[in-house]
Amino acid sequence: MTTTLDPVTEAPPARPEDEKLPLPTLLGAGLQHILAMFGGVIAVPLIIGGAAGLEGPQIALLVSCSLFVSGLATVLQTVGVPWFGSQLPLVQGISFASVSTLLTVVAGNGAEGMRAAFGATLVAALVCLAIVPFFAQVVRFFPPVVTGSIITVIGLSLMPVAAGWVTGQATLNGAPNPNYASGANLALALVTLAVVLVLSKIRATSRMAILLGLLIGTVIALFTGQATWNLAGAAPFALPQPFAFGTPTFALGAIIAMTVVMVVVMVETTADILAVGEVIGTHVDSRRVSDGLRADMLSSAVAPVFNTFPATAFAQNVGLLALSGIRSRWAVAAGGVVLALLGLSPMLAAVVRVIPSPVLGGVGIALFGTVAASGIRTLSKVNYQGNQNLLIVAVAIAFGLLPDLSPSFWHSLPEGLMVVVDSGISAAAIVAVVLNLVFNVWAPGRPPEPSHLAAAPPRLVQEGEMEMLSGKGEH
């Protein structure tokens, strides 16, 4: 007898990412995401603008444009339009992966260096946009043994970022930083972390623990003199000027180098999309990956028009999804709108910049640690009996951590290859995929679908089936 589902009463459940929230919760959750990634967004234009020898107003322009483009890219990724946007709660920001290559391109050449950097970014993004349909097919090579390794590496590789926010830089303008790793900064970070932990335990504040932790930590810093309230000279509104540094220039060497970087970014974005799907418990197929990658590359192609750099998926916010329990893409979309508005208002951006780095570091410890814990949870579902999955996990995580544990480990390699493996996330992804193919797909004597069986959660085999297989069951 065949049964059919009633289309009215047996409708499939809604996707968790489509959850609709009350407006105050929506805005609060979106603001949490923005504050969690704000430091990362402004860091890239500050680094590259300084290396190019730009003046203060020009660097401020880069920062505002980075916020504006990141906000628009986030809205595109979360809301989505046909062919563009994964419709996942995935925040977009200015990519750190491109920094080393862009520094080589700008190399103190001022506006001319910026024009070359923007031209290389534009062409590289368009090239990668064209190859998305082919690249997205790799999603079938990401079973739990692969995604769990990658998610774990994402969290662990972000911990030095949190530590750097707490300690600050060892040197400032070539001189030792007297406040480096100071006890006061460490205390502020730990107090902020404690606030987040306490608020996470309280039912009424658990969803807003990160936002409230940032606010309370900043208020404490204002009272202790570790933060300053200074909005002098910040305009309330300013539209970004397209091609403010002039028409982009196109140097073949810079374009090739940036294309390699953008391929690496696509690997990282694929990993981030799969990580978000795993954390919020939703299905991610090759179509969603390709739509997410297209949004990534389109945003990166538009970014140079508005005087900024590749705008791609931000791994920093994955932990916030797990920690807050808010899985709605609309919350992140609301955050994207706020981020774009910050880019249009230098005064609002200056208000957010009041948050001191140690406060961000205290929050980051919880956020990034949660990402690593999510990866470990995924790895706990993998079957390690009678296969080499443990070795896959071990080697993938090792390759993912090498760039952070030994920053010069790969620097004797050719530039193109070094760009790929010097990113811990992309290195872990490539190694995990290749080893999964070698041990679980291509290995002789495996079942017809070895990667599925070797990397599946243990619960796929029921207790009664195990008894029958061991000869203990009744016949």
Side-chain angles (χ1 to χ4, degrees), residues 5 10-22 25-26 29-30 32-33 36 74 77-80 85-91 136 139-155 200 203 206-210 268-293 295 313-335 366-383 393 425 429 432 451-452 455-462:
L5 291 176
E10 300 290 340
R15 301 182 304 180
E17 63 269 28
D18 294 331
E19 178 187 9
K20 299 296 176 63
L21 300 171
T25 305
L26 193 75
Q32 279 192 133
H33 279 282
T74 299
Q77 186 70 265
T78 52
V79 176
S86 64
Q87 295 189 342
L88 288 168
L90 192 62
V91 176
V139 69
R140 67 181 183 273
F141 300 124
F142 285 78
V145 70
V146 173
T147 56
S149 301
I150 296 170
I151 297 169
T152 303
V153 166
I154 290 174
S200 298
R203 188 182 188 90
S206 60
R207 285 193 160 195
M208 294 292 128
I210 297 298
E268 294 186 343
T269 297
T270 300
D272 292 337
I273 290 173
L274 295 171
V276 168
E278 182 73 26
V279 167
I280 70 174
T282 194
H283 177 64
V284 176
D285 55 17
S286 60
R287 174 61 185 272
R288 293 190 84 170
V289 171
S290 61
D291 288 352
L293 290 174
F314 245 45
Q316 285 93 323
N317 292 73
V318 178
L320 184 55
L321 296 172
L323 199 60
S324 69
I326 297 177
R327 301 174 292 178
S328 173
R329 61 190 173 101
W330 302 111
V332 177
L367 290 181
F368 304 157
T370 303
V371 178
S374 298
I376 294 171
R377 181 178 60 186
T378 300
L379 290 174
S380 70
K381 303 174 184 178
V382 175
N383 178 19
V393 173
I425 298 174
S451 63
H452 172 68
R459 65 175 181 271
L460 286 182
V461 180
Q462 304 298 324

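Each residue takes its place number in the sequence, starting with 1.
Minimum heavy-atom separation, R329 to D18: NE-OD1, 2.7 Å. Across every non-hydrogen atom of A271 and I150, the tightest pair is CB-CG2, 3.3 Å. Scanning both residues, A29 and A331, for their nearest heavy atoms gives CB-CB, 3.8 Å. Closest approach of T78 and T74 over heavy atoms only: OG1-O, 2.7 Å. Residue P89 comes nearest to V332 through the heavy atom pair CB-CG2, 3.6 Å, listed as atom of the first residue, atom of the second, then distance. Of all heavy-atom pairs spanning G292 and I273, the tightest one is CA-CD1, 3.9 Å.
A donor-acceptor pair under 3.5 Å is formed between the side chain of Q87 and the backbone N or O of V79. With hydrogens and angles disregarded, a donor-acceptor distance shorter than 3.5 Å links the side chain of S328 to the backbone of E19. Q77 contributes no side-chain N or O that, together with a main-chain N or O of V91, makes up a donor-acceptor pair within less than 3.5 Å. Counting only distance, with no hydrogens or angles, the side chain of D285 and the backbone of R288 share a donor-acceptor pair below 3.5 Å.
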Working for side chain to side chain contact (heavy atoms under 4.5 Å, CB included), residues V289 and S86: CA-CA 6 Å; V289 171; S86 64; over 6 Å; no
Under the side chain to side chain contact (heavy atoms under 4.5 Å, CB included) rule, what do L274 and V146 come out as? Steps first, then yes or no, please. CA-CA 10 Å; L274 295 171; V146 173; over 6 Å; no
Run the side chain to side chain contact (heavy atoms under 4.5 Å, CB included) check on L90 and F314 step by step: do they pass? CA-CA 7 Å; L90 192 62; F314 245 45; over 6 Å; no
Can you check side chain to side chain contact (heavy atoms under 4.5 Å, CB included) on W330 and L26, steps first, answer last? CA-CA 7 Å; W330 302 111; L26 193 75; 3.8 Å; yes
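The CD1 atom of I376 lies 13.5 Å from the NZ atom of K381; values are rounded to the nearest 0.5 Å. Distance check, rounded to the nearest 0.5 Å: OG1 of T282 to CG of L88 gives 6.5 Å. To the nearest 0.5 Å, atom CD1 of residue I210 and atom CD of residue Q32 are 6.0 Å apart. Atom OG1 of T152 and atom CZ of R377 lie 11.0 Å apart (nearest 0.5 Å).
A heavy-atom distance below 4.5 Å is found between the side chains of T25 and I326. You'll find the side chain of L321 reaches within 4.5 Å of the side chain of H33, heavy atoms only.
Remark: the E278 side chain and the T147 side chain contain no N/O donor-acceptor pair separated by less than 3.5 Å.
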